[in-house]
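This report refers to the structure that appears directly beneath it.
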Amino acid sequence: MIRSTHLPLLVTLGTFVLAYALCAYDYPSMLSTRVVANLLTDNAFLGIAAVGMTFVILSGGIDLSIGSVIAFTGVFLAVILRDTSIHPLAAFMLVLILTTAFGAAMGALIHYLEMPPFIVTLAGMFLARGAAYVLSTESVPITHEFYDVLQGLYWKDPSGGRFRLIGGIMVLTFLVGILVAHRTRFGQNVYALGGGGQTAKLMGLPLASTTIRIYAISGGLAGLSGIVFSLYTSAGYSLATVGVELDAIAAVVIGGTLLTGGYGFVAGTFFGILIMGLIQTYIVFDGTLSSWWTKIVIGGLLFAFIVLQKGLTWATQARRRTATGSAAAS
Amino acid sequence: MAHDIPPVLHATGISKFFPGTIALDDVELRLEAGEVHALLGENGAGKSTLIKCLTGAYQRDGGTIRLSGHEVAPQSTAESQKLGIGTVYQEVNLLPNLTVAENLYLGRQPMRWGLVDRRRMNAMARDALAGYGLDIDPAEPLTAYSVAIQQVVAIARAVEMSGKVLILDEPTASLDRDEVQLLFGVIRQLKARGLAVVFITHFLDQVFEISDRATVLRNGRVVGTRLLSEVSQKDVVTLMLGRQLEAQVHERKAASAGAKLIEIDGLGKRGMLEPLSLALREGEVVGLAGLLGSGRTETANLIFGAVQADQGRMLLRGREITVGNPREAVRHRFALCPEDRKTEGIVGDLSVRDNIILARQAAQGWVRPIPRAEVNEIAERYVRALDIRLASLDMPIRLLSGGNQQKALLARWLATNPDFLILDEPTRGIDVGAHAEIIALIEQLRADGMALLVASSELEELVAYSTRVIVLRDRRQVRELTGAEITPDNIVRAIADDDGREVA
Ligand SMILES: Nc1ncnc2c1ncn2[C@@H]1O[C@H](COP(=O)(O)OP(=O)(O)OP(=O)(O)O)[C@@H](O)[C@H]1O
Ligand SMILES: [Mg+2]
């Protein structure tokens, strides 16, 4: 059944279909599985991080640290694989534990010190970036046969598209994210928190554990995203992925999630990511447009979506509004 | 009282301090199994604060709580819920972004294979709400439904959560007679099961109907606990106020009405309100009676321009006017004090003073700020006139007790000095003492030549101040009562359609 809360998701879906149709009209070859496969591969790390960001934004928060955490993860892996004989899988586990704990710590600060998420995660952003610098200021290449194995894993479509492991990880992350958001108690608590912290508290919601878990998930997924990024680039560089948190926020908003929290869908973020990837691909196909056009189009889209959300909020409120002093006072 | 069984809940020595206020001082509350215990007191007496201390929403500053003889110290509402205490707090407390079913089962959703079983959750919600006579789609967002329905959902949630104690803080304020009866039915069942129920309300009739005992608070202290079968309403009121409430001698002064102020001719909106005609003179109070959803609030909104009418016209002192929005209404010196203070009225984080002055400042435009001294003078005048209990004019209004917020909102509209004042449920959540004062105030404003339109579900109250009463049913004006016709019985009969439809 179509409900008004689903509208932003439908708009996102519509935008995606429309955008793809336009692209395919200009460049029919964009319909190939090769392009689809690359779309998934190229946006894998961003998509994974955006799942975490969706949870954070649904709860009414924000996480500015993820770009730095991704870079830190990459450098950490590169350095540890260069300097020790630890198996990459063990290194993955280690870095996931680290980043999850880092997120949890930020969540705890936000909850117990009642500090705005913006400030706490801004501090986290500097901290993680700084830690990456401390490990190495140079780009450290990763050469490990296990990496080669992982990078060689793909499923080849008969028509030539290569669906690689990391794209699969992203899709899997989204599927799990959808399940967690909509079908678990924790997921419901995330929405409840976004709907109103005070009310949720009176309803008996475990505020502390929910907040901590949300940021732990965001941190952990940023770690996973970092692993995927290192598989994608075969290197760790402390200056990499600057501003990725903003791309993730953009994807979440284009995906129809309300920035103020409480309304939205993880699946929407998936299409947000695809829309952004599509724009990029179009510009590559075109060849003459400057890559800055990506930013401009995404900016325009963001703006349109925010206006749309505002409009929807107004529409629902106007329907509910009866008499009011606030209307007279405005 | 059985002495071998410990009370279900026994709180002793509960204290709570806020800056500038001693909200609770050495309070004792004893709840026996299978009793309905009313908690009474004036606005600001500390009832809601006591509930919040008992359920862990506030940390108390002193005292002990025993549940079935064991000491407990809930640190959060989650903990008190686990202990079997279900609570409906005074401020409607559900989440607008969730569906009805999600709200009902937040935190205890039915699970299957480790996942929330939405289908079963919706089915359970449907069943649970059917017990309250509600046939709604629980998969819809909560905000798709009226405040009354939301309130029933909140109650249903608390009932499902209460293994030992159910606490209801003014649950019936926005409910109709029938809904109240349904709620009482549920309370009686719980009582038979041996639960203790705490019931807070300002409707004394309801207190005497459902409760066994009452504890009365005044200024944060317990002034007595009474078996209600042994006392009269008057005793309880005297205990609450610490003084006798003067008997209300009510001789309605003949409608010494002045010039015709406003004439409403066939004003209506399709699907919302059938055309309504009504003329009001200066110095007249017209009451609007009718059941919940009969169109009282809609009438008020339509006249005030909060909702656009699509037919009919309005004349002010013989000249036709258009009221397209509340701002125009204010320019014509109209005022509307809305029913739902929480979502439409107060600005929680602004000070009490700013909240009171808001509409007046808006009416004269923000570029001409009202001088500070005048603001203070106005705010203080209304705080005194309406007996608003507060620690200081600077405190954020959300920290006031529920009833005092309501009074502050009334003050906001009185401060605009309107010619035509529309009041929607002016006494909701207001204690008996203040209730009488507000009725006196309406009488006073009328005598001063103001025209008033008052929507209320309390018939006694309507009878007390109205010079005419218009009865609405199914969003239609069905009857007008004047003079000696205005009695509670006649209004009830008109609402229930016992006599003819001669007035269409
Ligand atoms: N968080 C707070 N900070 C400061 N003062 C508060 C706070 N909460 C309540 N108060 C004050 O404590 C007193 C008791 O308030 P409470 O809400 O318990 O009254 P009440 O008996 O429930 O009244 P009502 O019938 O109007 O709901 C009031 O004077 C109120 O202003
Ligand atoms: Mg209260």
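Just so you know, these numbers use all the heavy atoms, side chains as well, and skip hydrogens, waters and symmetry mates. These numbers were taken from a predicted model, which means no experiment stands behind them.
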Which portion of B:Asn103 sits near chain A, non-hydrogen atoms under 4.5 angstrom:
both
Salt bridge or not between B:Arg296 and B:Asp424? Use side-chain N to carboxylate O under 4.0 Å.
no
Okay, B:Arg157 and chain A: the region with an atom under 4.5 Å from a heavy atom over there is side chain
Leading residue by heavy atom contact count with chain A [cutoff under 4.5 Å; candidates B:Met161, B:Lys52, B:Arg108, B:Arg331]:
B:Arg108
In terms of side-chain geometry, is the basic nitrogen of B:Lys269 or B:Glu298 positioned less than 4.0 Å from the acidic oxygen of its partner?
no
Take A:Leu274 and A:Leu40 through the test side chain to side chain contact (heavy atoms under 4.5 Å, CB included) and record every step on the way to the result.
CA-CA 8 Å; A:Leu274 290 188; A:Leu40 294 180; 4.3 Å; yes
With a 4.5 angstrom heavy-atom cut-off, which part of B:Gln109 approaches chain A: side chain, backbone, both or neither?
both
Please state whether the rings of A:Phe174 and A:Phe270 are parallel, tilted or perpendicular, taking 30° and 60° as the class boundaries.
perpendicular
Which atoms of B:Leu95 come close to chain A, meaning under 4.5 Å heavy atom to heavy atom: side chain ones, backbone ones, both, or neither?
both
Specify whether B:Phe304 and B:Trp413 have parallel, tilted or perpendicular ring planes, treating 30° as the upper limit for parallel and 60° as the lower limit for perpendicular.
perpendicular
